[in-house]
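Here the structure is laid out as structure tokens; the discussion comes afterwards.
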Amino acid sequence: SQNLSENNICECCQIPGNLRPHIVWFGEIPLHMNQIQEKLETCDLFVSIGTSGVVYPAAMFVQIAKTNSAYCIEFNQEKTQISSHFDECITGPASVTVPRFFSCSK
């Protein structure tokens, strides 16, 4: 595995410094929003891990899932402004709470 740095050369344009991590920065719209919307409308379980839940469009994800009868769980260090939208809120470090929750759910 290679570390991403400003010296990595883009495979498409062959210019160093044009690569970035595959994440959504604040103020950006996630890729594939139509597919995300579709999945939120049909999922049985929606899990939010480690987010404030106040930056759109991601802030509306729990509301879409909940409207379509998904069971919604929030994992976070502490309660958030949107914790009341979830069926279950689990606080603590995700590295501990997420594996503990899903190993017990088998």
Side-chain angles (χ1 to χ4, degrees):
S1 115
Q2 183 181 22
N3 290 329
L4 184 63
S5 79
E6 66 274 357
N7 298 320
N8 292 106
I9 296 175
C10 174
E11 292 179 16
C12 295
C13 69
Q14 301 301 310
I15 299 173
N18 281 348
L19 298 179
R20 60 174 261 179
H22 191 70
I23 61 172
V24 179
W25 297 106
F26 287 108
E28 291 183 329
I29 301 296
L31 298 173
H32 314 292
M33 273 304 296
N34 289 340
Q35 292 162 312
I36 292 170
Q37 176 84 25
E38 213 174 273
K39 298 299 182 187
L40 289 168
E41 291 173 354
T42 59
C43 69
D44 296 338
L45 174 67
F46 174 76
V47 177
S48 173
I49 302 173
T51 180
S52 66
V54 295
V55 179
Y56 283 84
M60 68 182 180
F61 290 176
V62 67
Q63 294 162 331
I64 295 168
K66 192 80 175 148
T67 298
N68 291 284
S69 302
Y71 188 78
C72 299
I73 305 171
E74 177 184 53
F75 290 91
N76 219 323
Q77 290 284 2
E78 55 194 38
K79 298 248 181 188
T80 67
Q81 292 179 20
I82 63 167
S83 290
S84 62
H85 295 284
F86 289 87
D87 297 298
E88 194 171 343
C89 297
I90 299 171
T91 56
S95 60
V96 173
T97 58
V98 173
R100 183 185 303 147
F101 179 86
F102 284 101
S103 68
C104 294
S105 296
K106 290 182 182 178

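Small disclaimer: the values here were computed from a predicted structure and weren't measured. Note that these values count all heavy atoms, side chains included, but never hydrogens, waters or copies made by symmetry. Positions are given from 1 along the sequence.
- Linking Ile, Leu, Val, Met, Phe, Trp and Tyr whenever their side-chain heavy atoms come within less than 4.5 Å leaves Phe86 and Val98 in two separate clusters.
- Evaluation of the salt bridge (charged side-chain N to carboxylate O under 4.0 Å, His left out) rule for Glu28 yields Arg20 as partners, not counting sequence neighbours.
- Crowding of Gln14 atom CD: a count of heavy atoms from other residues, nucleotides or ligands under 6.0 Å exceeding 12.
- For Cys43, the side-chain contact (heavy atoms from CB on, under 4.5 Å) partners at least two apart in sequence or on another chain are Phe46, Ala65, Ala70.
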Side-chain atoms of residues 34-41: list all donor-acceptor pairs with protein atoms under 3.5 Å, sequence neighbours left out, distances to 0.1 Å.
unit_1: Gln35; atom_1: OE1; unit_2: His32; atom_2: ND1; d: 3.2
unit_1: Gln37; atom_1: NE2; unit_2: Glu41; atom_2: OE2; d: 2.6

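- Residue pairs satisfying the salt bridge (charged side-chain N to carboxylate O under 4.0 Å, His left out) criterion with at least one member in residues 46-63, sequence neighbours excluded, are absent.
- Judged as a side-chain hydrogen bond (donor to acceptor under 3.5 Å, both in side chains), and not counting sequence neighbours, Thr67 has no contacts.
- Note on residues 42-55: no pairs pass salt bridge (charged side-chain N to carboxylate O under 4.0 Å, His left out), not counting sequence neighbours.
- Every residue meeting the side-chain contact (heavy atoms from CB on, under 4.5 Å) condition with Leu45, not counting sequence neighbours, appears here in chain and number order: Val47, Tyr71, Ile73, Phe102.
- Summarising the geometry, atom CD belonging to Glu88 is positioned 12.0 Å from atom OG belonging to Ser83; distances are rounded to the nearest 0.5 Å.
- Every residue meeting the side-chain contact (heavy atoms from CB on, under 4.5 Å) condition with Lys66, not counting sequence neighbours, appears here in chain and number order: Cys72, Asp87.
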I'd like a table of donor-acceptor pairs (distance under 3.5 Å, sequence neighbours excluded) in which one partner is a side-chain atom from residues 48-59, with atom names and distances.
unit_1: Thr51; atom_1: OG1; unit_2: Gly53; atom_2: N; d: 3.3
unit_1: Ser52; atom_1: OG; unit_2: Val54; atom_2: N; d: 3.4

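- The list of salt bridge (charged side-chain N to carboxylate O under 4.0 Å, His left out) pairs with a residue in residues 72-83, not counting sequence neighbours, is empty.
- Take Leu31 and apply the side-chain contact (heavy atoms from CB on, under 4.5 Å) test, not counting sequence neighbours, and it matches His22.
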